[in-house]
Each structure stands twice: as C-alpha cells, then as structure tokens.
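For clarity, every value in this text was computed on a predicted model and none was experimentally measured. Ligands are counted one by one from 1 in listed order, and the atoms in each one are counted from 1 as well.
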Amino acid sequence: MNASTIRFVLPALVASIGLEHAVHADESDTVPRYITVIHCEPQESDESEWPSLVNMIKACEDRGIKACIQFSDEWIPFIVDNSARLDKIRSWRDWGHEISAHHHTLDHPSYWDGYSNDPDAADRHGYQGDMQDFRWLISSVLPANSRLTSISTFDDDMPAGIPFQVGGDGGPGPDMAVSIPTLKWLTQGPAWNLTTAALEQGGTWYSDILQTIFLKTPADSVFGIAIHPHAYHEGEEAEFDAWLDFLAAQDPGGTRSATPTEILTPYAFTAGDTNYDGTVDGSDLAMILAAWGTEDPHADLNADRIVDGSDLATVLANWTIDG
Ligand SMILES: [Zn+2]
C-alpha cells in the first residue's frame, strides 16, 4: 500500500471510530471556552477598514479577550509592504491573538476572492491561483518562524498543510455558535473544525439570541462568533462593545477566551505522522524521502515550502516508540 492509498483508506477507518471530542473543562468551569473570529473580507479590503480592525482588537484586549484575526487575499498588499502594520500583526500575535485566513470560495453568495482548488476555476474571470497559492499569500504577513494553522473556508477549498478549519460549509446562523472539536476528512486530508455564528450580518445584530445561546452552552463545548471590521466603524462601536461587555461580565479577565488553534492543537495529528495513521514510523519516513526537495504540503512539516532535513528531523524526533 503506498502513501496516497493510505491517505484515502484511513478516512473510513477514522470515521468509523467517530472522532469527536468534548473540550476539557474543570468542574469549576461554568463558562464555555469561546472564540471571537474577525473576518477581514475581500470585498471590504479598502485601507480605511484597517483602523476599524485595530480599534476592534483593542476593544477585545481591554477585556482580556483573544481574537482570531482572519485575513483575505485583498488585505495582504497594503500590509506586507508596511512595516508599521506588520509590527501591529506581530504585537497581536504576541498578545495572544491568532493570525489566520479567510477565504471566499467560487460559489460564495456575494464575492469570490479569485482562489480555488476547483478544476473549473482556472477558466473563470478573476482567477488568481489555487489554495496553496492562497496559503502562501496570507502567510506572507505572519511573523517570522510562525505558520498558518487555521482558515475559514468551505470544505472543498481547504488547503493541504493547514490542520484547523473554522466555520466551514453551511450558513453563519445562530445554530453554528456551538460546536465541539470535530474531525472532517476532506480531499486534502484531515481538518479539525470549530464553527461560528455571525454576530452581525447585513446590518442585523444577533446579540440577543447569541447571548441566550452563550448562557446555555455547556462548559465542555465551544462558543464561537464571527464579526467584521465594518461593524466597528468610528461612532458605531456601541453594539460590539456591548457584546464584549456581556462576555466580560460572564468571564472577567477573559480567561475562557481562546483561539481556534489553542483549542484544537491537543487534537491535531502528531507532527511527522504524514499518513495520519497514528504512528510516526517507516511509512512516514518514506513519504518524506519520496517528496524530498518538493513543496509537497503533506511532507513539508515546518511549512517552509521545501521538504528537507528539518522535516526529516521532525519525523525522527517524534518517532513512535513501541510499548
Ligand atoms: Zn467572508
């Protein structure tokens, strides 16, 4: 059985085991862990949105709340060449926020961002590349020595090499606010998922119903909302501030706030388990060697766009010891 066969046989195996995990909660925890995801939309990439994003994150920090800041492709050009903005991103990461990615697929109801793994996409007007191209573009604003670990995208456009998916197929309705880490086996491999509900959509705020849902969410589940910088334009901060104040009242200091990557990391496959069979062994070593010198995202474990000695070292360092 070769490596790619293994990759397609395993899903059935894993699906039959039913990998879903409740999140660890101490008995004293009554508040669920919660994620606050900021979608930086491709069709709202005007630079004038940047101050709204900055202010929104400051408002989260004032209450000790971590955010997951998700950039789409059209935000990258005015960040990547601006050292003050890159410094800001580094400071957000250092504070404890997550820098992540937001993708609009070909069939997005309002706006396609030009990237897709769909074979028909290359013929469509506005095509810019596949999802690996998208991944590297977004990665260009990450601080040095960090990698993109989560993305919001529909299932069929999940890039290989990113272990965590936020949102996914389906609408952003209030029913999406509560989830537990759930494994999806997608075309590119495994992805652990959490979902989010839109706090504001098309000018309508869902704060009241989402507050009710938050208060009913079990402590071993995850509560997630998504919001956009356009909801925090100057003079229009009251709704989101009120939402953050609600969270701060339930969770003083934001100790239950988390990033998707923090919550999902304990469930991720061991680094070096390139065929996702639960052990790091000779078959993983063979995959590294077969992909040597390439960009194969399944074997490029440290995401530096080349399969080389450092990826081999990761496999050896995580080698499964029998017994
Ligand atoms: Zn969006």
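Of the angles at the Zn ion (ligand 1), the one spanning NE2 of His102 and OE1 of Glu41 is 140° when given to 10°.
The closest donor-acceptor contact from the side chain of Asn55 to the backbone of Pro51 lies under 3.5 Å.
The aromatic ring centroids of Trp192 and Phe164 lie 6.0 Å or more from each other. Tyr127 has its ring centre no less than 6.0 Å from the ring centre of Tyr115.
When the Zn ion (ligand 1) is compared with the N/O/S atoms of His104, atom NE2 turns out nearest.
Within the coordination shell of the Zn ion (ligand 1), defined by N, O or S atoms under 2.8 Å, His39 is absent.
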### side-chain hydrogen bond (donor to acceptor under 3.5 Å, both in side chains) evaluation trace for His230 with Glu41
CA-CA 9 Å; His230 74 230; Glu41 297 282 286; over 6 Å; no

